[in-house]
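Working notes for the structure below.
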Amino acid sequence: MQVKAPRGTVDILPADAKKWQHIERVIKECIESFGFQEVRIPIFEHTELFLHGVGQGTDIVSKEMYTFNDRSQRSLTLRPEGTASCARAIIEHSVYGGVLPIKWYYTGPMFRYDRPQAGRYRQFHQVGVEAFGSNSPYLDAEIIILMVGILSALGLSAYELHLNSVGCPHCRQSYRQSLIEHINPVKEALCPDCQVRFMQNPLRVLDCKVASCHEAIAGYPLIYDSLCNDCRDHYAAVKTALEDNGVAYLHDNQLVRGLDYYTNTAFEVHIPGIGAQSAVGGGGRYNGLVRELGGPDLPGIGFALGLERLLLALDTLGIKESAQSGIDAFIAVMNGKHESPALRILNEIRRAGIRADKDYTGRSGKAQMKYADKLGAKLVILIGDEEMEQGFLTLRNMENKEQLRVENEQLINTIKQIMAMD
RNA sequence: GUGGGUGUAGCUCAGUUGGAAGAGCACCAGAUUGUGGCUCUGGGGGCCGUGGGUUCAAGUCCCAUCAUCCACCCCA
């Protein structure tokens, strides 16, 4: 019996879960303030969905999916991302027949079989935002503004926004051709990985970090120069809108999305200094996706943020949220024979909305005070012989050490009064 | 899938040319017989990742294996 979570998975213990709750709350507030609504999609889908919705040529599909057969021999896959499921749900429920654009967001675990390293896990968490049904460049800008707005709200203003356009299928086809013509004469000089990439998708060669590949393809054509007029206008409008809204970006010719239905705007946000996996979020326009999955010709754009990476960035950069924690009141039982009334009082004040706890290990009165302090209790309710005999309770304020005698019926009101003064 | 680093107490880590397993923090208790934070004192806690090998003797050297971290790759 191995007492260890599977490779690439982690337990989020209470101390960390607090941080998760914090960023999830901030992110959710930002997204909803932009008019997006939450959608909840399955953790697993038919494998087929990802074959078509992510693309067979991608690493995700070819070597990173958790695929299994269920007892009825259906091939299912733990979702490696969320966009395909959203598109599927929109088609399945004919959501495209209603008000457009459809503005959805989702959050939850994703699964990819990959070698774990800093900022990379096999089960990781994303918040994704998708907008379907509009091809307006201003929607592209809104999406990007939302993404960087979330980062700012979290205190992560030191980001780099990379931006590019990969064009539409038409201009990308001509770009692809000119790239092939440029690289083909020098393909022998490419690294083995790139030789393979070149055959599968020449655009991916541009991503290669091997220096010799860079040299070999020096002077390669830029996709920007191959954009058709519509795509060029679209990209220009996105950039202008970002500038008008004070969002700084870096035009990055090497930022490409290889899949056929990715179109026009592509973007990625990096936070330097958090390790090799510095991309905390990324996204783009995917006007071909819904149709590819058998739906109508519905354009779409979206992004996803990696929550582990956001937390890594917050930790690395030393950004802390104000730690409000602990409980309101602790019940100290000075004599074990009063346990039962103590439990009754504990649950009375809990029902009144007061966060409270007591000892269950038989600690001495003094040790219970220490324990109350560790739990961050603001008040301690003392229950001893004197209290029980005379029918009152002693309330100790842990901040100023003041103690007062309160009648049983006045306990809840008194606690609430003291708490309201903070 | 490829490369490198690291596995010793709950946590962070020392451990000399191979010679009786340690510190800090955390936990529990006492100093204070019904009262927290600071201080002092004491205590519980270890298959030294696992399996083999070398040796009179292995936490230490060698091999294997597993785990983990970092990087390549890919992406969030």
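Computation of the quantities below employed the complete heavy-atom set of this structure, encompassing side-chain atoms and omitting hydrogens, waters and symmetry-equivalent molecules.
- Checked by distance alone, A:R120 brings a side-chain donor or acceptor within 3.5 Å of a matching partner on the base of B:C73.
- Using a 4.0 Å cut-off on heavy atoms, the residues of residues 302-317 of chain A that approach RNA chain B are A:A304, A:G306, A:R309, listed by number.
- Across the P atoms, B:G7 and B:U16 are found 12 Å apart, a figure rounded to whole Å.
- Comparing the P positions of B:G44 and B:A29 gives an interatomic distance of 15 Å, to the nearest angstrom.
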List the atom pairs, with distances to 0.1 Å, where a side-chain N or O of residues 6-16 of chain A and a protein N or O form a donor-acceptor pair under 3.5 Å, not counting sequence neighbours.
from	atom 1	to	atom 2	distance (Å)
A:T9	OG1	A:P6	O	2.6

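- In the interface, the side chain of A:Q126 is not paired with the base of B:C75 through any donor and acceptor atom under 3.5 Å apart.
- Nucleotide B:A26 holds its C1' atom 15 Å from the CG atom of A:L375, rounded to whole Å.
- Which of B:C72, B:C73, B:C70 sits closest to the side chain of A:A118 comes down to B:C70.
- Around the CZ atom of A:F44, the shell of radius 6.0 Å holds no more than 12 heavy atoms that belong to other residues, nucleotides or ligands.
- A:R363 comes within 4.0 angstrom of the backbone, heavy atoms only, and of no base.
- Salt bridge A:E308/A:R120: absent, no basic N to carboxylate O contact under 4.0 Å.
- B:C61 and B:U54 have their C1' atoms separated by 8 Å, given to the nearest Å.
- B:C62 and B:G19: their P atoms are spaced 15 Å apart (whole Å).
- Rounded to whole Å, atom C1' of B:A76 lies 12 Å from atom CD1 of A:I23.
- Backbone-only contact: A:G275 has heavy atoms under 4.0 Å from sugar-phosphate atoms and none from a base.
- Distance CD1 (A:I274) to P (B:C70): 12 Å, rounded to an integer number of Å.
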Restricting to nitrogen or oxygen on both sides, can you table the protein-nucleotides 2-8 of chain B pairs closer than 3.5 Å?
from	atom 1	to	atom 2	distance (Å)
B:U2	O4	A:R115	NH1	2.8
B:U2	O4	A:R115	NH2	3.4
B:G3	O6	A:R115	NH2	3.2

Which donor-acceptor pairs under 3.5 Å do side chains of residues 398-405 of chain A form with protein atoms, sequence neighbours excluded?
from	atom 1	to	atom 2	distance (Å)
A:N400	OD1	A:E402	N	3.0
A:Q403	OE1	A:R396	NH1	2.7
A:R405	NH2	A:Q390	OE1	3.3

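- B:C66 and B:G10 have their P atoms separated by 25 Å, with the value rounded to a whole Å.
- Taking the six-membered ring where tryptophan is involved, the planes of A:Y66 and A:F111 are perpendicular, since the angle between them exceeds 60° and thus also 30°.
- For the pair A:V269 and A:K4, nearest-nucleotide mapping onto RNA chain B gives the more 5' position to A:K4.
- Using a 4.0 Å cut-off between charged side-chain N and carboxylate O, A:R344 and A:E348 make a salt bridge.
- Rounded to a whole angstrom, the distance from the C1' atom of B:U65 to that of B:C25 is 33 Å.
- Between A:D315 and A:K19, at least one side-chain N (NZ, or NE/NH1/NH2) sits under 4.0 Å from a carboxylate O, which counts as a salt bridge.
- With 3.5 Å as the limit, one finds no donor-acceptor pair spanning the side chains of A:T77 and A:E45.
- Ion pairing of A:D359 with A:K370 is absent here, as no side-chain N (NZ or NE/NH1/NH2) approaches a carboxylate O to less than 4.0 Å.
- Spacing of P atoms, B:G36 relative to B:U68, comes out at 44 Å, to the nearest Å.
- Per the geometry, CD1 belonging to A:I150 stands 13 Å off C1' belonging to B:A76, to the nearest Å.
- Taking the centre and axis of the six-membered ring of A:Y105, the NZ or CZ atom of A:K103 falls outside the cone set by 45° and 6.0 Å.
- Using a 4.5 Å heavy-atom cutoff, the side chains of A:L382 and A:E387 are in contact.
- Rounded to an integer number of Å, the gap from CZ of A:F267 to P of B:C75 is 15 Å.
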Checking A:H182 against A:Y175 for the ring pair (Phe, Tyr, Trp, His ring centres under 6.0 Å) test, could you report, in this order, the C-alpha distance in whole Å, the side-chain angles of both residues, the deciding distance, and whether it holds? CA-CA 11 Å; A:H182 179 82; A:Y175 175 61; over 10 Å; no
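- Put simply, CG on A:D114 is 8 Å from C1' on B:C73, counting in whole angstrom units.
- The shortest distance between side-chain heavy atoms of A:W20 and A:L311 falls below 4.5 Å.
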Do nucleotides 34-44 of chain B as a string where each nucleotide becomes B, S or -: B if the base has a protein heavy atom under 4.0 Å, S if just the sugar-phosphate does, - if no protein is that close. BBBB-------
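- Within the 4.0 Å cut-off from OP1 or OP2 of B:C70, not a single side-chain nitrogen or oxygen of A:Q117 is found.
- Put simply, CG on A:D11 is 12 Å from P on B:U68, counting in whole angstrom units.
- Helical stems in RNA chain B, defined as runs of 3 or more consecutive Watson-Crick or G-U wobble pairs with donor-acceptor distances under 3.5 Å: B:1-7 with B:66-72, B:10-13 with B:22-25, B:27-31 with B:39-43, B:49-53 with B:61-65.
- Listed nucleotides B:C73, B:A29, B:U68 differ in distance to A:Q277; the shortest reach to its side chain belongs to B:C73.
- Taking atom C1' on both nucleotides, B:G1 is separated from B:G18 by 39 Å, rounded to a whole Å.
- Note: CZ (A:R7) to P (B:U65) measures 15 Å, nearest angstrom.
- More than 12 non-hydrogen atoms from other residues, nucleotides or ligands lie less than 6.0 angstrom from CZ of A:F34.
- Side-chain atoms of A:E268 and base atoms of B:C75 include no donor and acceptor less than 3.5 Å apart.
- Counted within 6.0 Å of NE2 on A:H251, heavy atoms from surrounding residues, nucleotides or ligands total more than 12; the atom is thus considered enclosed.
- For A:E339 and A:K337, the salt-bridge test fails: no basic side-chain N is under 4.0 Å from an acidic carboxylate O.
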